[in-house]
Amino acid sequence: MTSPSVASPSASAAAVTPAVDSSRGAAAAVCSAGSLKVAARQAADRPAGTGIGAAIVEFTNSSAKACVLKGHPTVAGAGNGSPEKNSPLSVTTTGSASPVTLAPKGKAWVKLTFVQVQGEADGFCESGAEPVVYPTLVIGLPGAGKYQVALDDGQFAECDNKVTVTAVSRVKPS
């Protein structure tokens, strides 16, 4: 099953410095909204507890030209098809952001690590907050749009509306 990818015109207007496409000697443009296919799966390395804990989000350049991604994503719980009902998560960034040039069909990744749900069955948050489960998340990349993505094997469960995110990387995290 393929995860849905929905580009939103409300993408961040943050500037991304073009990188040189070494195969053509020209500057590659920022990946445009709609030029990426996005998928998510559970990360192999994740915190102990119940639920997802961490996920890997994969961006694939579906255009015919090289393009550039850079930065840390924004993350929100999807609002049942209504962007105004999205629930933004508090994002803590890790790692430095460098431009990643994606050739056609090239891939880049980010890792999302959540405050983990603990216990069995319904689970609980150590903070006392109620766990939240999102069937899909909205992942935004500077200049490249926002994409709604579902896990290929479950749902996103987290506590405290917080997520730690890595910068876009050409190296797939575990």
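The residues of the chain are indexed from 1 along the displayed sequence.
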Path from F114 to V138 over hydrophobic side-chain contacts below 4.5 Å: no

Rounded to the nearest 0.5 angstrom, the CG-CG distance for N61 and L69 is 8.0 Å

To the nearest 0.5 Å, atom CD of E158 lies from atom CG of L137 at 8.5 Å

### Message
Strictly distance-based, threshold 3.5 Å: is any side-chain N or O of S87 a donor or acceptor partner for the main-chain N or O of G77?
### Response
no

In C31, S62, S35, S63, the residue satisfying side chain to side chain contact (heavy atoms under 4.5 Å, CB included) with L102 is C31

Please check: side-chain N/O of H72 versus main-chain N/O of G95, any donor-acceptor pairing under 3.5 Å?
yes

Test side chain to side chain contact (heavy atoms under 4.5 Å, CB included), reference V165, set T74, V75, V110, output is V75

Check the side chains of D160 and S127 for a donor-acceptor pair under 3.5 angstrom, ignoring hydrogens and angles. yes

* With no hydrogens and no angle check, is any side-chain donor or acceptor of S169 less than 3.5 Å from a backbone partner on V171? -> yes

CZ (R41) and CG (D153) are apart, to the nearest 0.5 Å, by 8.5 Å

If only side-chain N and O atoms count, and only distance matters, is there a donor-acceptor pair under 3.5 Å linking T60 with K107?
yes

- Linked, directly or transitively: V132 and I139 (ILVMFWY side chains, under 4.5 Å): yes

V57, V91: one ILVMFWY side-chain cluster at the under-4.5 Å cut-off?
yes

query: Can you hop from V115 to L89 via hydrophobic side chains spaced under 4.5 Å?
result: no

The reported gap from NZ in K172 to CD1 in I56 (rounded to nearest 0.5 angstrom) is 7.5 Å

The reported gap from OG in S174 to NZ in K111 (rounded to nearest 0.5 angstrom) is 5.0 Å

In this structure, SG of C159 is separated from CD of E126 (nearest 0.5 Å) by 8.0 Å

message: Quick one: does any side-chain atom of Y147 pair with a main-chain N or O of G34 as donor and acceptor, under 3.5 Å?
response: yes

